[in-house]
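One structure is given below, encoded as structure tokens.
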There are 2 protein chains.
Amino acid sequence: MKKVTINSVAEYAGVSKKTVSRVLNNEPNVSPATREKVLKVFKELDYKPNPIARGLARNKSFIIGCLYDNPSKSYITRVQSGALEACHKFNYNLLIHPCELRGDELIHNVDQLLTTSRLDGLVLTPPFSDSQELIDFLKTQNIPFARVASALEDDTSISVRSNDEQGAYELTEHLISLGHKEIAFIKGHQDHSATEKRFSGYQNALLNHGIEFNEDLVAQGNFSYHSGADSAKQILDLEPMPTAVFASNDYMAAAVLKLATQRQLRVPEDISIAGFDNAPIARHIWPGLTTIAQPVEEMTRQAVEQLILQISDPSTEVYQKVLEAKLITRESTAEK
Amino acid sequence: MKKVTINSVAEYAGVSKKTVSRVLNNEPNVSPATREKVLKVFKELDYKPNPIARGLARNKSFIIGCLYDNPSKSYITRVQSGALEACHKFNYNLLIHPCELRGDELIHNVDQLLTTSRLDGLVLTPPFSDSQELIDFLKTQNIPFARVASALEDDTSISVRSNDEQGAYELTEHLISLGHKEIAFIKGHQDHSATEKRFSGYQNALLNHGIEFNEDLVAQGNFSYHSGADSAKQILDLEPMPTAVFASNDYMAAAVLKLATQRQLRVPEDISIAGFDNAPIARHIWPGLTTIAQPVEEMTRQAVEQLILQISDPSTEVYQKVLEAKLITRESTAEK
DNA sequence: CGACATTATGACACCGGTGTCAAAGTACAT
DNA sequence: ATGTACTTTGACACCGGTGTCATAATGTCG
């Protein structure tokens, strides 16, 4: 079986390569008769244009890269799923590239990625979307990129995030409205801008409701389940024990719930627990976790969609958007 | 800033394109002096070969595609992580492509994928690795592929799986050894070959220990948490209630645990629960789930590695391997 | 030192498309 | 019939590499 290329199609149809190319790309100035004829040959020969050849000619790959370094599997898959949705809408494909934020390796690693696969653009997810160093590098490389879920101020690059501060504020307010005053807080990873945002949401809610902020109630996590387990120990060992715990994501909240249950504490009767993200685990455990739903897929979908628009027309205005986060109450929080 | 291509390098170094190409690919027959000179120019101009051009000339993309349709996020990320490990070892990249098994769309969808991105090979994960239709199609397309975690017999394609039947057998035996006789079973998705394997492992263990198989104790799930919740209801409503439940994966087991806890049943005192896969959730909940650890990353890593070897040398012998599954006991199972 | 093998190098076609531009064809007004 | 504008088409260069093959340079040996 011989390969079907634009040349064989042209020969078979009795027209020039260029005319075939015109039909292929729906370009104008092809007579209906010719177009018809070529299309028929496409079918007959089952012609499939070679994307690599096209890529070479147009200097495009129709591939978007997705960078991440995140312990949460569900977060990653949600990001991927949103990105894929946008990609497929525009006939792009998605290449995934997990790598580590830390170390001088990062820039080199990304450079390597760009070298080995001509990506048309890059989606950055936290913590990369917060890395000024990486952003600067990508600008020098002149490669389009979009940032997801980053609070970092940079109005020259596409950014879609959700309102972390607002979300944390609402959740804290929810706990306060249930009568809680000693509300412990588990912080996220220091490299994520969301970490500080969520923390200030918590602090501001306390402030506005006349509750004094107590540093002893704050534990430093890093978004991983493991760090949540450590923080849980620290918090549940406090005397007096706080009546509520607000963890910066659901995995850490799940870790608190696990330890609490192990210690025969009743949740929410003895202690209320809340998370952030509305990860699947939040509803896979009992009691279900009160949390803040962050529209991860939607953020990524929009970011990638805008990225692709930016790629096709670099003069497109830079898109920056903040989506709403939403409180979801489940069984893990209750009146004090 | 002008683009640095093989031509500019050649000109600058005062040699021909071809010589530059030789240096680039570490081909022999280049004098040390020339090689040195060209390498120096690479550095000076910061030359990066264009992978697309190379791809066109060699008819290769250095990209592997990964196909999946799986409700388990952790499974997907584990698959990806194993695949990436192998890819990066050989300087390949990974393109992900979730799609649905059902419907005539599948073949068309995959065909589309192959058309829009010249993949060098494809990794199939369940249920695709079990789809004879897809396998046949890929063979006609002459595109190399490797199957992960599939019990489907096909010794002409690369396959790495774990011993599902053995794993299920051991787990069931574990429950029996704890004194359980009424052991409910939740089956997985019908399209996965692992589903039947795990089921027969369960049945054989019962048989070999003189316990009569009782069809009423079997519920049909599909590996999703949701289906686990439905099956859990069915099983926990049985009278008398079984003393143990073996779910075909950890998500479904977690659903059983959740419902049991909701109903104030004590696990494992009132009922033992076990899963399969050793997904993260198995240790993120309390009590931790007794389960079977399946080396998902390792399976995928080996599969992709072999796939790449196959790509570089089609005469390579077809690799087929069965890895061991391992029993992990946690707190969710105990003496009857 | 000449005959011959071996190594080093470059010219050129090629991979399969797209972009540019000129030429040919067609429509319509004068 | 002729001029003009517009549509349709193809020739050819080009994207940035690799493969083939001829030729030039070097090494080896009697």
Side-chain angles (χ1 to χ4, degrees), chain A residues 1-39 41-42 45-63 91 114-120 311-312, chain B residues 1-39 41-42 45-63 91 114-120 311-312:
Chain A
M1 192 175 81
K2 236 186 122 276
K3 255 188 297 184
V4 180
T5 72
I6 199 171
N7 287 297
S8 41
V9 171
E11 193 176 344
Y12 194 87
V15 298
S16 72
K17 286 169 77 161
K18 184 60 216 190
T19 298
V20 176
S21 170
R22 286 199 182 90
V23 174
L24 207 54
N25 295 289
N26 265 309
E27 282 173 31
N29 299 339
V30 179
S31 77
T34 312
R35 189 179 297 271
E36 208 56 43
K37 187 169 60 181
V38 173
L39 285 173
V41 176
F42 281 176
L45 302 186
D46 191 25
Y47 169 63
K48 288 169 191 162
N50 183 330
I52 299 193
R54 178 182 298 200
L56 179 57
R58 292 213 198 144
N59 198 22
K60 286 202 57 170
S61 64
F62 292 94
I63 296 178
N91 273 309
L114 297 178
T115 304
T116 62
S117 54
R118 285 281 158 122
L119 302 176
D120 288 345
I311 290 167
S312 6
Chain B
M1 192 174 83
K2 238 187 122 276
K3 257 186 298 185
V4 180
T5 72
I6 200 172
N7 286 297
S8 42
V9 170
E11 193 176 344
Y12 194 88
V15 300
S16 73
K17 285 168 78 162
K18 183 62 215 189
T19 299
V20 177
S21 170
R22 286 198 181 91
V23 174
L24 207 54
N25 295 290
N26 264 310
E27 283 173 30
N29 299 338
V30 178
S31 77
T34 310
R35 191 179 297 270
E36 208 55 44
K37 188 170 58 180
V38 173
L39 285 173
V41 176
F42 281 177
L45 301 186
D46 190 25
Y47 170 62
K48 289 168 192 163
N50 182 330
I52 299 193
R54 176 180 295 192
L56 179 58
R58 291 212 199 144
N59 198 23
K60 285 202 57 171
S61 64
F62 292 95
I63 296 179
N91 272 311
L114 296 179
T115 304
T116 62
S117 53
R118 285 281 157 120
L119 302 175
D120 288 346
I311 290 167
S312 11

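- If you measure from atom CZ of B/F42 to atom P of D/dG16, you get 15 Å, rounded to the nearest angstrom.
- Between B/R35 atom CZ and C/dT7 atom C1' the separation is 13 Å, expressed in whole Å.
- Looking at the side chain of B/R22, the nearest of the listed nucleotides C/dG10, D/dG19, D/dG16 is C/dG10.
- Rounded to a whole Å, the CG atom of A/L24 is 17 Å from the C1' atom of D/dT9.
- Rounding to whole angstrom units, NZ of residue B/K60 and C1' of C/dG16 are separated by 19 Å.
- Distance A/N29 CG to C/dC21 C1': 14 Å, rounded to the nearest Å.
- Atom OG of A/S16 and atom CG of A/N7 lie 10.5 Å apart (nearest 0.5 Å).
- Within the nucleic acid shown, A/P28 has no heavy atom closer than 4.0 Å to any nucleic acid atom.
- Atom OG1 of B/T34 is separated from atom CZ of B/R22 by 10.5 Å, given to the nearest 0.5 angstrom.
- Considering only side-chain N and O atoms, B/T19 lies under 4.0 angstrom from the phosphate OP1 or OP2 of C/dG10.
- Looking at the side chain of B/S21, the nearest of the listed nucleotides D/dT18, D/dG10, C/dC15 is D/dT18.
- Mapping B/V15 and B/R118 onto DNA chain C by nearest heavy atom places B/V15 at the nucleotide closer to the 5' end.
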Exercise for the section: Could you go through the side-chain contact (heavy atoms from CB on, under 4.5 Å) check for A/I311 and A/K60 one step at a time? Expected result: CA-CA 10 Å; A/I311 290 167; A/K60 286 202 57 170; 3.9 Å; yes
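- Residue A/N25 is in sugar-phosphate contact alone, with no base atom involved, counting any heavy-atom pair closer than 4.0 Å across all strands shown.
- Comparing atom distances between the A/S16 side chain and each of D/dG10, D/dG19, C/dG17 picks out D/dG10 as nearest.
- Counting any heavy atom pair closer than 4.0 Å across all strands shown, B/N50 reaches sugar-phosphate atoms only and no base atom.
- Distances from the side chain of B/K18 to the nucleotides D/dT20, C/dG17, C/dT9 place D/dT20 closest.
- For B/L56, the side-chain atoms get nearest to D/dG16 when compared with the rest of C/dG10, C/dA8, D/dG16.
- The B/E27 side chain lies nearest to D/dG19 when the options are D/dG17, D/dG19, C/dG16.
- At least one side-chain nitrogen or oxygen of B/K3 sits closer than 4.0 Å to the OP1 or OP2 atom of D/dG16.
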Exercise for the section: Begin from the C-alpha positions of B/L45 and B/Y12 and carry the test side-chain contact (heavy atoms from CB on, under 4.5 Å) through to its verdict. Expected result: CA-CA 9 Å; B/L45 301 186; B/Y12 194 88; 4.1 Å; yes
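- For the pair B/N26/B/R35, a side-chain contact is recorded, criterion being any heavy-atom separation below 4.5 Å from C-beta on.
- The side chain of A/T5 lies closest to C/dG17, out of C/dG17, D/dT18, D/dT9.
- The base of D/dG17 sits within donor-acceptor range of the side chain of B/K17, with an N or O pair under 3.5 Å.
- When the P atom of D/dG16 is taken as reference, atom CG of B/N59 falls 20 Å away, rounded to whole Å.
- When rounded to the nearest whole Å, the span between CD of B/E11 and C1' of C/dT9 equals 18 Å.
- Nearest nucleotide to the side chain of A/A57, out of C/dT9, D/dT18, C/dG16: C/dG16.
- For the pair A/I6 CD1 and C/dG19 P, the interatomic distance rounds to 11 Å; values are reported in whole Å.
- Looking at the side chain of A/V30, the nearest of the listed nucleotides D/dT9, D/dT18, C/dA8 is D/dT9.
- When the nearest nucleotides of DNA chain C are assigned to A/V20 and B/G14 by heavy-atom distance, the more 5′-ward of the two goes with B/G14.
- A/T34 has a side-chain polar atom (N or O) that falls below the 4.0 Å cut-off from OP1 or OP2 of D/dT9.
- Within 6.0 Å of atom CD in A/E27, more than 12 heavy atoms from other residues, nucleotides or ligands are found, so the atom counts as buried in its surroundings.
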